[in-house]
Amino acid sequence: MRPGRQAGGLGEVVFGLSRELELRGNAVEIILPKYDCLRYDQIEGLHVAYHDLPVPWYSGAVHCTVWSGFVHGRRCYFLDPHSSDQFFNRSHLYGSPDDVARFAFFSKAALEFLLKADKRPDVIHCHDWQTGLVPVLLFETYQQCGMHDQRVCYTIHNFSHQGITREHILWATGLTRPERFFDYDRLRDNFNHNAINLMKGGIVYSNFVTTVSPQYAWEVTYTDRGMGLAHTLHLHKEKFGGVLNGLDYGVWNPEVDEFIPARFGIDSIEQKYENKRTLRDRLMLGHAWKPIVCYVGRLDRQKGVHLIRHALFYALAQGAQFVLIGSSPDPSINAQFWDLKHQLNDNPDCHLEMSYDESLAHLIYAGADILVMPSLFEPCGLAQMIALKYGTVPVVRAVGGLVDTVFDRDHSSRPLHERNGFVFHQVDHMALESALARAIGLWHSHPEQFRDLALNGMRANHSWAPAGQDYLNIYGRIRNQ
Ligand code: GLC
């Protein structure tokens, strides 16, 4: 398992994209905080690469050790600050009251490391609000210290977390001219007039800004999904675009997947049935002539938890089985699903697994017939792309990356051979039911047509190759600026 995995999609993207860039002959190095909760068993050859890196912080300095090692072949540097704040020794990645300070420090320390270790990458590619200060600090401070030629590409995975905070963080990082930075053209939040917005800083200062699907790029610019940043995106629209994430087919590919008992591909989709049988045995589900509907992923509000719950009961009522694997960072959502699990404990058509088990997740994608993904919003989404590859037909809400990857069997304007799932629009039970009923109905009444739909999905190519090329084009464009 890759470290970063617990953080969800962002870790997958950094891993998949950096691998693709290296395959195309580029040198990639990754800088991360040295969290205490990393999977250290997955880091090869961890050693100290830089003994004492003093990072200016408020009026003093915090000394860091920089570690280095390889994770699945990629070189990573891990920044390890020594201070009583214990920034990265919290047994979790995010969710501390001082997150802004933790990641502002990380941004500053990363640049300080590049400077002192004489690393001069052509492009620094940073992600989400946590690194919004990187381009600000690069162009306001580090450029004058010898980093003239570096350019920044900034990728936003989710506009609902922006790093909105008070001015003190400017002082901490040495941006000590409030009249310049606490300005609407730079870091001042568009709506909260006493606050600064780190993501806004990232957008304003970067040479290019991307988000993780073309549809989400449109939504954040033209609807309230920009969460207050639409105006900033308008001002910077010349350097903003959506690049659909890829999927790592080295990991997510039923032809080579080591977690599943029966491998299969387009020419052997009937092998899926063997995986379905194993899945039922493993979860003690009944062996009946029924489709399996699944949900795989975090149980965040973003994912439409009330609709997931409704999908479960509706699927059971329609003569399907339902399998869920996931958990929530939100204790109340977790408790809700634990209740549900207890309530349905003896039901032979249903299983809820309230933790992330990698091998089970693979088996579910391989053995299920239908995946539901009723997200309220979805910047890109990985589960639907994995499901497509595993011949599991997605039933999704028409938002963000789901619009770019799933095309409705009955209502899409795409050619028939590209249609690969079922799509609904509204955020209510009836909308979900209309799509899920069509999926379950087709499985029962026209199994051969259902299989053709699954095959259409398996043929879609969401490898990292196109996204890798898009990012290389972006890097090429900003290097010449
Ligand atoms: C975030 C988004 C998700 C996206 C992932 C990777 O987790 O919520 O939609 O797939 O980032 O970009």
Side-chain angles (χ1 to χ4, degrees), residues 2-21 30 32 92-95 103 125-132 153-163 199 202 209-220 223 225-227 229 240-249 251-252 295-305 307-308 326-330 333 356 361 365 371-389 394 396-406 460 462-464 466-468 470-471 474:
R2 296 168 294 289
R5 183 55 172 279
Q6 311 163 23
L10 195 155
E12 295 271 350
V13 169
V14 171
F15 175 76
L17 176 60
S18 52
R19 179 167 178 273
E20 182 66 29
L21 295 173
I30 300 165
L32 298 159
H92 58 237
L93 307 180
Y94 324 116
F103 293 106
H125 191 158
C126 49
H127 300 265
D128 272 350
W129 73 262
Q130 286 86 348
T131 53
C153 174
Y154 182 48
T155 294
I156 297 173
H157 297 257
N158 200 327
F159 276 80
S160 40
H161 308 286
Q162 300 182 357
M199 183 173 276
V209 182
T210 70
T211 189
V212 289
S213 69
Q215 173 69 20
Y216 189 57
W218 185 90
E219 291 171 6
V220 293
T223 75
R225 256 174 223 147
M227 309 293 284
L229 285 174
F240 176 59
V243 176
L244 189 70
N245 287 337
L247 183 65
D248 185 355
Y249 287 143
V251 176
W252 296 111
Y295 175 84
V296 186
R298 276 176 299 137
L299 293 165
D300 271 358
R301 287 190 196 288
Q302 167 190 341
K303 302 290 178 184
V305 274
L307 291 177
I308 297 170
S327 64
S328 180
D330 177 337
I333 298 180
Y356 192 78
Y365 284 118
L371 170 108
V372 279
M373 211 165 160
S375 305
L376 304 184
F377 68 94
E378 194 61 74
C380 177
L382 278 171
Q384 86 280 14
M385 292 202 263
I386 302 174
L388 288 170
K389 184 72 179 171
V396 306
R397 184 154 175 264
V399 281
L402 299 171
V403 172
D404 294 315
T405 49
V406 181
H462 292 296
S463 78
W464 269 103
D470 284 349
Y471 277 111
I474 291 169

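We count ligands from 1, going down the list as the structure has it; atoms in each ligand are counted the same way. Since this is a predicted model, take the numbers as computed values, not measurements.
Residue-ligand proximity, Arg298 to ligand 1, at heavy-atom distances under 4.0 Å covers atoms 7 (O), 8 (O). Taking every non-hydrogen atom of Asn158 and a distance limit under 4.0 Å, the qualifying atoms of ligand 1 come out as 8 (O). Atoms of ligand 1 lying under 4.0 Å from at least one heavy atom of Pro379, given by number and element, are 2 (C), 8 (O), 9 (O). Every atom of ligand 1 is numbered from 1 in the order shown, and the set under 4.0 Å from a heavy atom of Val212 is 12 (O). Contact atoms of ligand 1 toward Val13: 6 (C), 12 (O) (distance under 4.0 Å to a heavy atom of the residue). Less than 4.0 angstrom separates some heavy atom of Gln302 from each of these atoms of ligand 1: 8 (O). Distances below 4.0 Å separate heavy atoms of Gly9 from the following atoms of ligand 1: 5 (C), 6 (C).
Checking His157, His161, Gln384, Met385 against atom 11 (O) of ligand 1, the nearest heavy atom belongs to His157.
If you look at His127 next to ligand 1, there are no close heavy atoms at all, none under 4.0 Å. Of the heavy atoms in Glu12, none comes closer than 4.0 Å to ligand 1.
With Thr405 as reference, Gln384 is the one residue of Gln384, His462, Gln215 to meet the side-chain hydrogen bond (donor to acceptor under 3.5 Å, both in side chains) rule.
A 4.5 Å side-chain heavy-atom check between Met385 and Trp252 finds every atom pair outside the cut-off. Between Val209 and Ile156 the shortest side-chain heavy-atom distance falls below 4.5 Å. Residues Met227 and Ser160 form a side-chain contact, since some pair of their non-hydrogen atoms from C-beta on lies under 4.5 Å apart.
The neighbour count for Arg225 CZ, taken as heavy atoms of other residues, nucleotides or ligands under 6.0 Å away, is above 12.
For Tyr471, the ring pair (Phe, Tyr, Trp, His ring centres under 6.0 Å) test picks out His125, with sequence neighbours left out. Residues satisfying the side chain to side chain donor-acceptor pair (under 3.5 Å) test with Ser375, not counting sequence neighbours, are Glu378.
Residue contacts with ligand 1: Lys303 is placed with no nitrogen or oxygen under 3.5 Å of a nitrogen or oxygen of the ligand (distance criterion only).
Annotation: cation-pi geometry not satisfied between Lys389 and Tyr365 (NZ/CZ under 6.0 angstrom from ring centroid, within 45° of ring axis).
Proximity of Gly381 to ligand 1 is established by a heavy-atom distance of less than 4.0 Å.
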